Amino acid sequence: MGKGILVKKIINDPKRVVDESVAGFGLAHADIVRVEMDPIYVVRVDAPVSGKVGIVSGGGSGHEPLHAGYVGFGMLDAAVPGAVFTSPTPDPILAATKAVDGGAGVLHIVKNYTGDVLNFETAADLASAEDITVRAVVINDDVAVKDSLYTAGRRGVGGTVLVEKLAGAAAQRGDSLDDVAEIAERVNANVRSMGLALTPCIVPHAGEPSFTLAEDEIEIGIGIHGEPGRERIKLAPADDLVDRLIDPVLDDLPFAGGERVLLFVNGMGGTPLIELYLAYRRAAEVLQGRNVTISRSLVGNYITSLEMQGMSITVLRLDDEMIELWDAPVQTAALRWGR
Amino acid sequence: MGKGILVKKIINDPKRVVDESVAGFGLAHADIVRVEMDPIYVVRVDAPVSGKVGIVSGGGSGHEPLHAGYVGFGMLDAAVPGAVFTSPTPDPILAATKAVDGGAGVLHIVKNYTGDVLNFETAADLASAEDITVRAVVINDDVAVKDSLYTAGRRGVGGTVLVEKLAGAAAQRGDSLDDVAEIAERVNANVRSMGLALTPCIVPHAGEPSFTLAEDEIEIGIGIHGEPGRERIKLAPADDLVDRLIDPVLDDLPFAGGERVLLFVNGMGGTPLIELYLAYRRAAEVLQGRNVTISRSLVGNYITSLEMQGMSITVLRLDDEMIELWDAPVQTAALRWGR
Amino acid sequence: MGLDITWAVDWVRRSADVIAEHRVELIKLDREIGDGDHGENMDRGFQAVLPKLDDLPAGSTPGDVLKLVATTLISTVGGAAGPLYGTAYLKGAVAAGSATSLDGSAIAAVLTAARDGIVLRGKAESGDKTMVDAWTPAAEAADAAASNGSDVAAVLGAAADAAATGSDATIPLVARKGRASYLGERSAGHRDPGAQSSALLLRAAAEAASAAAGA
Amino acid sequence: MGLDITWAVDWVRRSADVIAEHRVELIKLDREIGDGDHGENMDRGFQAVLPKLDDLPAGSTPGDVLKLVATTLISTVGGAAGPLYGTAYLKGAVAAGSATSLDGSAIAAVLTAARDGIVLRGKAESGDKTMVDAWTPAAEAADAAASNGSDVAAVLGAAADAAATGSDATIPLVARKGRASYLGERSAGHRDPGAQSSALLLRAAAEAASAAAGA
Ligand SMILES: Nc1ncnc2c1ncn2[C@@H]1O[C@H](COP(=O)(O)OP(=O)(O)O)[C@@H](O)[C@H]1O
Ligand SMILES: Nc1ncnc2c1ncn2[C@@H]1O[C@H](COP(=O)(O)OP(=O)(O)O)[C@@H](O)[C@H]1O
Ligand SMILES: [Mg+2]
Ligand SMILES: [Mg+2]
Ligand SMILES: [Mg+2]
Ligand SMILES: [Mg+2]
C-alpha cells in the first residue's frame, strides 16, 4: 500500500494525514498556536498561562475544526488529535496536560466514547502522579442514543463546541478549576443535540464508506465517526428533516417555553452553508412556535465527520452567565471575536 | 415538479432555496445584517453609514459564505444574491446601492463574468441616473483561463474575498471612493488563483451534476460555477495537486522571490478542513522554496461551488498598506476579528 | 398584411411555451459548456412576462409588447442572457416604434436592431459561439426576404430557418465569449445554449406569424 | 514443559502477523457497527511492538514481554482497544510475575488476570458484545484444561477454541458497551471486531505453544 492513494481526497499517504494536516495547521496559525509533533498536540502559543486553569480537549481526528481549531485565547489551551476517528493515547494527552499547567490545575474536556474516556483517564492518572491537579468533564449531549446505566451512554457531539467556548471563557477570566468544571458540567447538563447524514464519509485508511445510502435515503441519529445511525428514512424536505432533529432535542431536556437558548446548526463537513442557513430558518421557526427565544446562534461546519454531508442541531439553554461567557473575547482559528 | 425533491440536499423546493437560505442567514445574524426580500439583498444593519463609501458586491448564489457572509463592519455594506450560479438582475443591485449610499459614493465589486458585468453595469447606470456616484472594479484573478482581448477574459474567483476585505477596510477607515477603488484595483492586480475539483456539484434546479468524473479523475482549472475545467487528470497525491495549482499562480504574476504574500487555501464547499490544512502545508513549502514569505494566511471554505469537493489556491502579493487593511477589525458572519 | 399586437402577444405566449418545453434541454446544453442555468433563467423570465400581458392597456402596439418583454427579462432573468435578451427586445421595441402593424421590412428592421443590441452589450463577433451566431444570419435572412417582397410570415420563416442553421453551426466552434470560453478547445463539439434559445424564439415568432396569416 | 521467553516472543510475532493479515477484515467488521478503525489500530500497535522485541535485555521473562506489549499498545493504539488490551497485557504480566517458564495453570492465571483487567477498565459484562465475550470463555476453558492437567499447548488450544466460539457468539447479540451500542438493535447480526481480534491473538498464542512443543 505505502504511498498508494486509495480514496479521492486531498491527501498523500493515509498514514500521514493527521501529521501533515496538523503541521499545516500550525504553519497557518503560528500567531495562535504552537504544534508539537512527538507526541503530537496543539497548544496555545503562550502556554502555560501562569495562574490560569489549563483546558485540554482531544479525540480522534476527522472532526475539524474540533479540537485544534478551538485552541487559543478564551477557549482551549491544548488539543490532542488522535488518528482519524481514534482517540489519542495517554502519552500526548499527558504531554499536553503538562504543557498547559499554569499552576491552577487542568480541565480535561472529554467526549463520551469508551476510548476517549479510558485514554484521558490514564493520562489524568499519570498527570496526578506528577502533581498536576486534573479534573475531567465528560460530554454526552446526543439524544439519538438511548441512555442507560448499563450501556456506554450518550455520545458527546455538538455540545462539545459550546462547552469548550464557555469553559474556556471562564478559565480566561480567572475562575478556579472547580468553577470552570462547574460551568462545563452546567453547559453539558443544559445542551442536547441530534444529527443526520445525507452521505457517509470515508476514513482514509479504510478506503470505503462507513455505510452506504441509496440516492433517496437518509441516516438519522448519526454520531460523528461515520458510524451508522439509529434509523434510515426516505429523503424528505428540509423542514421535515429539521423537525426530526429538533423535536427530540427539545423534548429531551425538556424545554418548557420561555427559555433563552443558543441555536447551533452544524454541518458534518461537506454541507454547504446555503443548506445550513436554510435549515436554520426552519429551526428558528420551530423554536418560536414553542415560545423559546434564540439569544445566540452558531451556523457552520464546526464539529464534523470528514467530508460527510449532513447536519446536526444543538440547543443550549442559556443563563445570564453563559451568555456573558459566550460573548467573551475568543481568538482561535475557528471561532474568533472580540480580539 | 413543484415541491418535488430532485436531489439529495437539505432543501425544500429548488425554487425557494435562495429565499429560504437568505432568510435563515438574516435570522442567524440579525446583529450584523438586515435582509430585504423584495428585491432580495443583504445589508449592514447600520446602513447607510453616513459619509462612508458604500461597497456592494453580489453574484449568483451557491458560493456561500460569499457574498452575504462578508457583509458587516469593515467589509461589505451589501450583498446581492442571484439565483444559484446566476448573476442577480439590476433591480436588487440598484436597491442595494441606494440602501448603502451614505453620500460618499458606492463601489461595486464585480466578478468577471459576462452576466455579472452586464447586470452591475445596468444597475450602475440606473444609480447614476438617481445621482449616486458608482464605480465598479472587476475582479479577474483566475490563471486557469487564458486571457485575451478577444475573449471574456479571466474569471473572478478566490481573489474576490481578499478584495472585499481590503477595500472594505479602506472604506471603513474613511477613504474616498477613488481611494477605495484604487485599493481594490491594486489588490486585483496583485492576486492570482487557480482551482481543482475532486467531485462536481449539483445545481438544485438541474438535479444532475455539471460534469462527471471517474473515481480516479480530477478536474483542473475549474471556476466556481460547477463549470468543467481546462483539463482532466488522474488522481494524484496532495502535494502534486498543490504544485499543479500554485506553480501557474506564482509564474503568472510573476513572483520573483523576496515578496511577502497572503496565502489563501480555499475549499470548494464540501472539502474538509483536514485536507485543506494538509494542502496548506505543501503550499507553504513551495513558497518557502521560492523565497516568498507568507505574512498572512486564510484557510477554509470561503468561496465555494455548493457541495463541490476540491480546492483553490490564491496568492496575494502584499504591501504594507494591504497588511494594515487585512489586520483591520472586521465583523461579518464569515470573517471576524478585532471586534 | 402586417403583424399587429395580436401577433406580438401570441409570439410571447408561444415563446413561453417553447422555452418551458425545452427548459431541460437548454439546461443540459448549458451544463455541458456553461453553468447549467440557461433553461431555468429563460423559463423564469418568460413565465414572469405571461401575467403582465393581461395588463397591457388597450391600444398597445407590438413595440409596447417588445418593451414589456425587455423590462421583464432584464428584471427577472439575470446571468448573461438577461441583459443580452433584454437589450435585444428593447432595441427591437425602439425599431418597432409606435406602429400598430409591422410589415416585412419593419420586421427585418426589428430583428436587425435586436441583433445590434446584443452585439453592443456583449461585444461578441460572429463565430464566437454565442447567440449572435443565431441572430446575425436571422437578421440578414429577414432583410433579404423582405427586400425580395416576401410576406411577413415568410420573412420570419426565413429568419427562423437561418437561426436554426446558425445554432447548428455553433457546434464545432471554440467559444470566445461567455462562460463557455473558459473551456477553451473543450467547448468545441457542443451547441451554444443561447444560440439554441434564440432559434426557438424566432421559430415561435414565425409560427405566430403563420397562425396570424391563417386566421 | 513450560512456556518461556521464546514462546512469548514468538506469540508477539505471530500476533503481529495475524493482525496484519486480518487488518482489512477487522476494519470491515468495525465499519459495520463501529467506526472502521479497529484493524488499523491493532496493526499500528503490534507493528510498533516488533522492533522493540530486539531490544529486550538478556534474561527477560515472559512477563517482561507481556509488559512491553502492554506499554506499547497503550501508547500507540488509542481508541477503546488500546487501553483495554493494554490493561489486559499489563495484568497478565503481573500474573506472570518474574517466572522464566509458565506451566498450564500459570498460563490460565495469566489469561484470567487479563480478562479481569479488561472488565475492570471497560465495565462490560458477558453478553454485552465486546472482547469480554471472547476472553471470559477463553480464561474459563484454560482454567478447566489446566485443572485437568493438560499440557500448556492444550491449555492455550482450549482457550483459543473457546475464544473463537465466543467471537461467533457475539454475532446475534445487541451491543450494550462500546461504539456498537449506539446502534441499538441494528448492532445484532454483526460480529464484534474486538472479540474477533481477541480470538486471533489467542489462536496465535496456541500456535506459538504448539511450535514450541514441536521444537
Ligand atoms: N458576450 C456575449 N455576447 C453574446 N452572447 C453571449 C455573450 N456571453 C454569453 N452569451 C450567451 O449567453 C448564453 C448563456 O446564458 P445564461 O446561461 O443564461 O447566462 P450565464 O452564462 O451567465 O449563466 C450563452 O449560451 C451565449 O449564447
Ligand atoms: N467497555 C468495553 N469493554 C470491553 N470491550 C470493549 C468496550 N468497549 C469497546 N470494547 C471493544 O473494543 C472494540 C473496538 O475497538 P476499536 O475499534 O479499536 O476502538 P473504538 O471503538 O474506540 O474505535 C469493540 O469491538 C469491543 O470489543
Ligand atoms: Mg475509533
Ligand atoms: Mg449563470
Ligand atoms: Mg448559464
Ligand atoms: Mg473502532
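Quantities reported herein were computed from a predicted structural model and do not represent experimental measurements.
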Can you check whether anything in residues 54-65 of chain C gets within less than 4.5 Å of chain B, heavy-atom wise, and list it by number? none
Part of C/Thr76 within contact of chain B (heavy atom distance under 4.5 Å): backbone
In Å, rounded to the nearest 0.5 Å, how long is the span from NZ of B/Lys15 to CD of C/Glu40? 4.0 Å
Go through the atoms of C/Glu32 and report whether side chain, backbone, both or neither lie under 4.5 Å from a heavy atom of chain B. backbone
Any idea which heavy atoms bring C/Arg179 and B/Phe85 closest together, and the distance? NH2-O, 4.2 Å
With only heavy atoms counted, which part of C/Ile27 is less than 4.5 Å from chain B, the side chain, the backbone, both or neither? side chain
So which residue, C/Gly86, C/Gly178, C/Ala175, C/Gly82, ends up with the most heavy-atom pairs under 4.5 Å with chain B? C/Gly178
With chain C, which of B/Asp142, B/Leu118, B/Val145 has the greatest number of heavy-atom pairs at distances under 4.5 Å? B/Leu118
Which pair of non-hydrogen atoms, one from C/Tyr182 and one from B/Arg155, has the smallest distance, and what is that distance? CZ-CG, 3.2 Å
Region of B/Glu208 in contact with chain C, defined by heavy-atom distances below 4.5 Å: both
Among the listed options B/Gly60, B/Pro209, B/Ala144, the residue most often paired with chain C at heavy-atom distances under 4.5 Å: B/Pro209
Who among C/Leu73, C/Asp35, C/Thr87 has the most heavy-atom pairs with chain B under 4.5 Å? C/Asp35
Among B/Val203, B/Thr122, B/Asn119, which residue has the highest count of heavy-atom pairs closer than 4.5 Å to chain C? B/Asn119
Answer with side chain, backbone, both or neither: which region of C/Val24 has an atom nearer than 4.5 Å to a non-hydrogen atom of chain B? neither
Looking at every non-hydrogen atom in both residues, tell me the closest pair between B/Ser87 and C/Gly79 and how far apart they are. OG-N, 2.9 Å
For chain B, which residues of residues 191-203 of chain C have heavy atoms nearer than 4.5 angstrom: none
Scanning both residues in full, the closest heavy-atom pair of C/Gly78 with B/Thr86 reads C-CG2, 3.9 Å
Which portion of C/Asp37 sits near chain B, non-hydrogen atoms under 4.5 angstrom: both
In terms of heavy-atom contacts, B/His205 and C/Arg23 come closest through O-NH2, 3.5 Å
Close side-chain approach of C/Arg121 and B/Glu121, heavy atoms under 4.5 Å: yes
Where on B/Asp91 is there a heavy atom nearer than 4.5 Å to chain C: the side chain, the backbone, both, or neither? side chain
